[in-house]
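Notes follow once the structure below has been shown.
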Amino acid sequence: MSNFTEHTITKAVVERFDDTPDPRLRRILGSLVSHLHDFVRDVELTFDEWKFAIEYLTRTGQKCDQHRQEFILLSDTLGVSMLVDAINHRMPEGATETTVLGPFYVVEAPELPSGSDIAGGMTGTPLFVEGVVSSADGMPLSGALVDVWHTDDDGFYDVQQLDALGGLAGRARFRTDAEGRFQFWSIMPTFYPIPDDGPVGEMLKATRRHPYRPAHVHFMIRAEKFETLITHVFAADSPYLDSDAVFGVKSSLVADFAKEEGGTAPDGRSVAGPWRRLTYGFGVKPAATADRAAETA
Ligand code: BEZ
Ligand code: FE
C-alpha cells in the first residue's frame with residue numbers, strides 16, 4: 001500500500017520490520033516507531049522544530065569525545081538513565097539501591113590500604129568514611145573491591161583539575177576486611193553542576209532548570225558471585241536533594257554526614273578542628289538472583 005496518511009503511516013512502517021529475525025530488535029523498533037509517531041502527532045511537530053531537533057542531536061554527537069559523553073548526559077537529564085536503572089535493578093530487601101554511574105569514573109584508581117587518606121591535593125573539611133559490605137541477607141563480605149570517588153569542596157572532580165592537583169585525589173579503591181569493613185579519610189564533597197557548556201546545558205537554560213547535583217560520594221562495589229553495585233551516598237544537609245539535575249536521589253541513599261568537633265576519630269587520628277563522619281552499610285545482590293530473574297522474564 002502507498003498514499004500513506006498521518007493515520008496510516010505508522011502501521012506501514014511497523015510492518016516493514018516484520019521480517020526482522022531478532023524478535024527483540026523487532027519489538028524495540030516497532031515500539032520506537034509507534035511512540036515516535038504518536039509523539040509527532042501529539043505535538044503536531046512543525047518542520048522548523050523537526051530541523052531544530054536534528055541539528056540539536058547532531059550538536060550533541062559533536063560534543064562527544066574520548067572524555068565527554070553528551071548523549072548520556074542528555075539521557076541523565078531526561079530521566080531515561082534512572083528509568084533504565086530502575087527497571088533493571090529491582091533490588092531484593094537488604095540490597096542497597098542503585099543510581100547513575102556518572103561521567104567521572106574515568107580512571108582505574110589505585111588500591112590503597114583501608115584507613116588511607118585519599119584527599120591528595122584537595123583541601124577542605126576532613127571526612128572519615130566507614131562502611132561495611134554485606135550480602136543482601138546480612139552476611140559480611142570480605143575481599144570485596146570498593147571504588148570511591150567524589151568532588152572537592154568547590155564541586156570539582158580530580159580529573160577536571162589534574163594539573164592543579166598533580167594527580168588523582170578523592171578517588172581510590174579498597175578491599176573489605178574479614179568483617180566486610182573498609183574505611184578511609186578524605187574531605188567533605190559539595191554540590192556541583194553537571195557539565196552544562198554543551199547542548200544539555202542549552203536545554204537546561206531554555207527550560208529554566210538548574211544543573212546541580214547534591215553533595216555525594218560515589219561507590220562501586222564488586223564481589224565475586226554478586227552483582228556489581230553502582231551507587232552514591234548523598235549528604236542529608238546538602239541543597240538540591242529534591243531537585244537533582246539527573247533524578248538520581250533515593251531516600252535510602254541519603255545519610256547523615258555527622259558534624260564532629262575536634263577530638264579523637266574512631267581510627268585513633270586526633271583531629272584539631274571540625275570534621276565529618278559517614279557510616280554506611282552496603283548490601284549487594286547475589287548474581288544468581290539476577291540470572292533467575294532473566295530466565296523467568
Ligand atoms: C556524577 O554524579 O558524577 C554525575 C552523574 C550524572 C551526570 C553528571 C555527573
Ligand atoms: Fe558525582
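For ligands, and for the atoms within them, numbers begin at 1 and follow the listed sequence. Not measured: the values here are computed from a predicted model.
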field: Polar contact flag, side-chain donor to acceptor under 3.5 angstrom, Ser114-Gln183
entry: no
- line: Tested for side chain to side chain contact (heavy atoms under 4.5 Å, CB included) against Thr231, the lone hit among Val100, Thr96, Leu101 is Thr96
- prompt: Taking 4.0 angstrom as the limit, do Glu111 and Arg175 come out as a salt bridge?
  reply: yes
Return a table of N or O atom pairs, ligand 1 on one side and protein on the other, at distances under 3.5 Å, rounded to 0.1 Å.
from, atom 1, to, atom 2, distance (Å)
ligand 1, 2 (O), Tyr192, OH, 2.6
ligand 1, 2 (O), Arg213, NH1, 2.5
ligand 1, 2 (O), His216, NE2, 3.1
ligand 1, 2 (O), His218, NE2, 3.0
ligand 1, 3 (O), Tyr157, OH, 3.4
ligand 1, 3 (O), Tyr192, OH, 2.8
ligand 1, 3 (O), His218, NE2, 3.2

- request: Look at the rings of Phe184 and Phe182 and say which category their plane angle falls in: under 30° parallel, 30 to 60° tilted, over 60° perpendicular.
  value: parallel
- request: Run through the protein N/O/S atoms less than 2.8 Å from the Fe ion (ligand 2) and write them out by chain and number.
  value: Tyr157 OH, Tyr192 OH, His216 NE2, His218 NE2
task: Kindly compute the distance separating CD1 (Ile221) from CG (Leu141), expressed to the nearest 0.5 Å.
output: 9.5 Å
message: Between Asp197 and Arg68, is there a side-chain heavy-atom distance shorter than 4.5 Å?
response: yes
- request: Taking atom types as modelled, find out whether His150 and Tyr192 have a side-chain donor-acceptor pair closer than 3.5 angstrom.
  value: no
- request: Please work out which of the three classes, parallel, tilted or perpendicular, describes the rings of Phe191 and Tyr212, given edges at 30° and 60°.
  value: perpendicular
query: Should the ring pair His216 and His232 be called parallel, tilted or perpendicular, given that the plane angle runs from 0 to 90° and is split at 30 and 60?
result: parallel
